[in-house]
Asker: 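Got a structure for you, written out below as structure tokens; questions coming shortly.
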Amino acid sequence: MSGPAYERIAATYRERIHAGDLRPGERLPAQQAMIRAHGVGRDTVRRAIEVLRAEGLLEPGVPGRAAVVAGGSTPAEPLEHHLTRVFRAPRILLEAREPFPRRLSEALLHRAGDIARAARAGAASRSGRENDPRPESIRLRLLIPDPAADLPFPHLVGDPRDPRPRLRHRGLLRTYAGHIEDTLLRLKDDGLVPDVRVEVRGMPHPPTEAHYLLNDTTALTAHLHPRQTVVTDRSDGTLMRVRELYGEDRFFVTVRDRRAGPAEEELYGRMLHSFEAYWQEGRDVLGEGGGERVPDPRPGGGAPHGPVRAPH
């Protein structure tokens, strides 16, 4: 894994926590032991611990004591849970970097159904628009692996050069991206949400994490791991054992409100800056030749952290 030393150290203990090697209530090694094990300074170790704490993986710090793995109260919930809460807002802004958008497609379909049912209930009761929970606007910027790119995952176990898993995957990426666009734009077509804008861009390489930025206040992170699974080749119905990137549908939360401390603000800012960098690098997936550019939905527009360079 490339990147700063504190990120590599955080990734090491994050993986151990997710794998169950470090259980809720257990302590991480003492900082001095981590310094010796990783060959870094104390500030680097402290920064790695702050990142894990901001993700909700560690309990609040106690001076002089080793960090403790968070218990059952750790804010890790499915995407559906978080989108249900976000869709209560009058204006919805979703920015997602998602390696495989099926779960987003399914969650948005459920939310669209909720909006339609609320509209029918409001019409039946004649309660008026002031009691209608429907949003006024929905804006989505979605980053997925570029279907046209030569991606390392998925590949056939035993023969990574076999093109069938990647061809199947490319078709599914386009299918789910189209479903997402259709689900949201139909809300506008049916007069349920006045302002809906959707843009999907493809990255030339798959992300190692799924990131969601919700209403510019909440960030979600789900970490991905390679796994082997069996899928059907849709061209002839045969089964293929493939290796793919997989992540549990449990997202860790970073907030950006009055509860946030310096570590949370830094983590959120890095995620937002990373999204903008990948967005500038991305290629339009749904349009022909690029399509219409969707303006930046934040007040004032433009990148929130100044000039952005493409990620390395």
Side-chain angles (χ1 to χ4, degrees), residues 56 72-98 100-144 172-200 210-222 247-259 275 285-287 291-292 294-299:
S73 60
T74 301
E77 299 287 349
L79 180 63
E80 182 89 13
H81 167 86
H82 297 289
L83 288 189
T84 299
R85 177 171 47 81
V86 168
F87 266 71
R88 296 169 185 157
R91 288 173 293 278
I92 299 167
L93 170 61
L94 306 176
E95 295 167 303
R97 193 172 77 191
E98 175 62 80
F100 193 62
R102 179 174 61 188
R103 57 185 163 192
L104 178 59
S105 175
E106 294 171 348
L108 289 176
L109 188 62
H110 293 160
R111 301 287 69 75
D114 291 343
I115 291 172
R117 284 188 290 273
R120 290 195 296 268
S125 64
R126 298 181 180 179
S127 58
R129 179 63 179 154
E130 64 274 7
N131 296 320
D132 195 333
R134 288 179 289 167
E136 299 169 5
S137 66
I138 301 174
R139 299 189 180 183
L140 169 66
R141 293 198 297 169
L142 172 62
L143 281 165
I144 63 174
L172 290 174
L173 284 173
R174 291 191 178 95
T175 295
Y176 285 118
H179 283 172
I180 289 168
E181 181 190 44
D182 182 68
T183 295
L184 294 181
L185 292 182
R186 189 176 294 275
L187 292 172
K188 182 178 181 180
D189 295 342
D190 294 343
L192 299 175
V193 179
D195 182 12
V196 177
R197 300 186 184 187
V198 179
E199 190 173 11
V200 182
H211 285 168
Y212 286 80
L213 301 169
L214 310 178
N215 282 357
D216 218 17
T217 60
T218 304
L220 309 179
T221 303
E248 296 287 346
D249 189 20
R250 288 291 186 274
F251 286 82
F252 291 90
V253 181
T254 300
V255 296
R256 191 191 203 187
D257 58 17
R258 63 178 181 274
R259 296 172 292 166
F275 179 89
V285 170
L286 297 176
E292 181 182 356
V294 177
D296 191 316
R298 294 184 183 82

Asker: Of all the heavy-atom pairs spanning Ile138 and Ile115, show the shortest one and how long it is.
Answerer: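 Smallest interatomic distance, heavy atoms only, reads CD1-CD1, 4.5 Å.
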
Asker: Counting C-beta onward and ignoring hydrogens, is there a side-chain heavy-atom pair between Ile144 and Tyr176 closer than 4.5 Å?
Answerer: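 They are not in contact (no side-chain heavy atoms under 4.5 Å apart), so the answer is no.
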
Asker: Under 4.0 Å between a Lys/Arg side-chain N and an Asp/Glu carboxylate O for Glu95 and Arg141?
Answerer: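 Here Glu95 pairs with Arg141 in a salt bridge, since their nearest N and O are under 4.0 Å apart.
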
Asker: Answer yes if the side chains of Tyr212 and Glu98 hold a donor-acceptor pair under 3.5 Å, and no otherwise.
Answerer: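 Yes, side-chain donor-acceptor contact under 3.5 Å.
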
Asker: Which one of Leu185, Leu108, Val200, Thr175 satisfies the side-chain contact (heavy atoms from CB on, under 4.5 Å) criterion with Ile180?
Answerer: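 The single option meeting the side-chain contact (heavy atoms from CB on, under 4.5 Å) with Ile180 is Leu108.
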
Asker: Does the side chain of Leu104 reach to within under 4.5 Å of the side chain of Leu79, using non-hydrogen atoms?
Answerer: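 With C-beta onward as the side chain, the pair touches.
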
Asker: Answer yes when Arg186 and Asp189 have at least one side-chain N-carboxylate O distance shorter than 4.0 Å, and no when they do not.
Answerer: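 No salt bridge links Arg186 with Asp189.
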
Asker: Got a second to check how far Asp114's CG is from Arg134's CZ, nearest 0.5 Å?
Answerer: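 Asp114 CG to Arg134 CZ: 13.0 Å, rounded to 0.5 Å.
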
Asker: Please name the pair of heavy atoms, one in Ala177 and one in Pro101, separated by the smallest distance, quoted to 0.1 Å.
Answerer: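 That closest heavy-atom pairing would be N-CG, 4.5 Å.
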
Asker: Nearest 0.5 Å please: distance from the OG1 atom of Thr221 over to the CZ atom of Arg97.
Answerer: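 Answer for the OG1-CZ pair, Thr221 versus Arg97, is 9.0 Å.
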
Asker: Would you say Leu214 and His82 make side-chain contact, with heavy atoms under 4.5 Å?
Answerer: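 Counting from C-beta outward, Leu214 and His82 do come under 4.5 Å.
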
Asker: To the nearest 0.5 Å, what is the distance between CG on Leu94 and CZ on Phe87?
Answerer: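 With rounding to 0.5 Å, CG (Leu94) is 5.5 Å from CZ (Phe87).
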
Asker: Between Arg91 and Asp195, does any NZ, NE, NH1 or NH2 come within less than 4.0 Å of an OD or OE carboxylate oxygen?
Answerer: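 Looking at Arg91 together with Asp195, the answer is no, because their closest N to O distance does not fall below 4.0 Å.
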
Asker: For the atom pair CG (Leu192) and CZ (Arg120), what is the distance rounded to the nearest 0.5 Å?
Answerer: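 The CG atom of Leu192 sits 9.0 Å away from the CZ atom of Arg120.
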
Asker: Would you call Leu213 and Phe275 a side-chain contact if the rule is heavy atoms closer than 4.5 Å?
Answerer: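 Yes, at least one pair of side-chain atoms sits under 4.5 Å.
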
Asker: How long is the gap from CZ on Arg111 to CG on Leu83, to the nearest 0.5 Å?
Answerer: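 If I round to the nearest 0.5 Å, the distance is 7.0 Å.
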
Asker: What's the separation between atom NZ in Lys188 and atom OG in Ser137, rounded to the nearest 0.5 Å?
Answerer: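 If we round to the nearest 0.5 Å, Lys188:NZ and Ser137:OG are 11.0 Å apart.
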
Asker: Considering only heavy atoms from C-beta outward, does the side chain of Ile92 approach that of Leu140 to under 4.5 Å?
Answerer: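 In short, these two side chains do not touch, never coming nearer than 4.5 Å.
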
Asker: Are any non-hydrogen side-chain atoms of Phe251 and Thr218 less than 4.5 angstrom apart?
Answerer: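 Not touching, per the 4.5 Å side-chain cut-off.
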
Asker: Search all heavy atoms of Ala89 against all heavy atoms of Pro135 and return the closest pair with its distance.
Answerer: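 Scanning both residues completely, I find the closest heavy atoms to be O-CB, 3.7 Å.
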
Asker: Would you say the side-chain atoms of Thr84 pair up with the backbone N or O of Glu80, donor to acceptor, closer than 3.5 Å?
Answerer: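 Yes: the side chain of Thr84 pairs with the backbone of Glu80.
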
Asker: Which atom pair, heavy atoms only, marks the closest approach of Gly178 to Leu286?
Answerer: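 Where Gly178 meets Leu286 most closely, the heavy atoms are N-CD2, 4.2 Å.
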
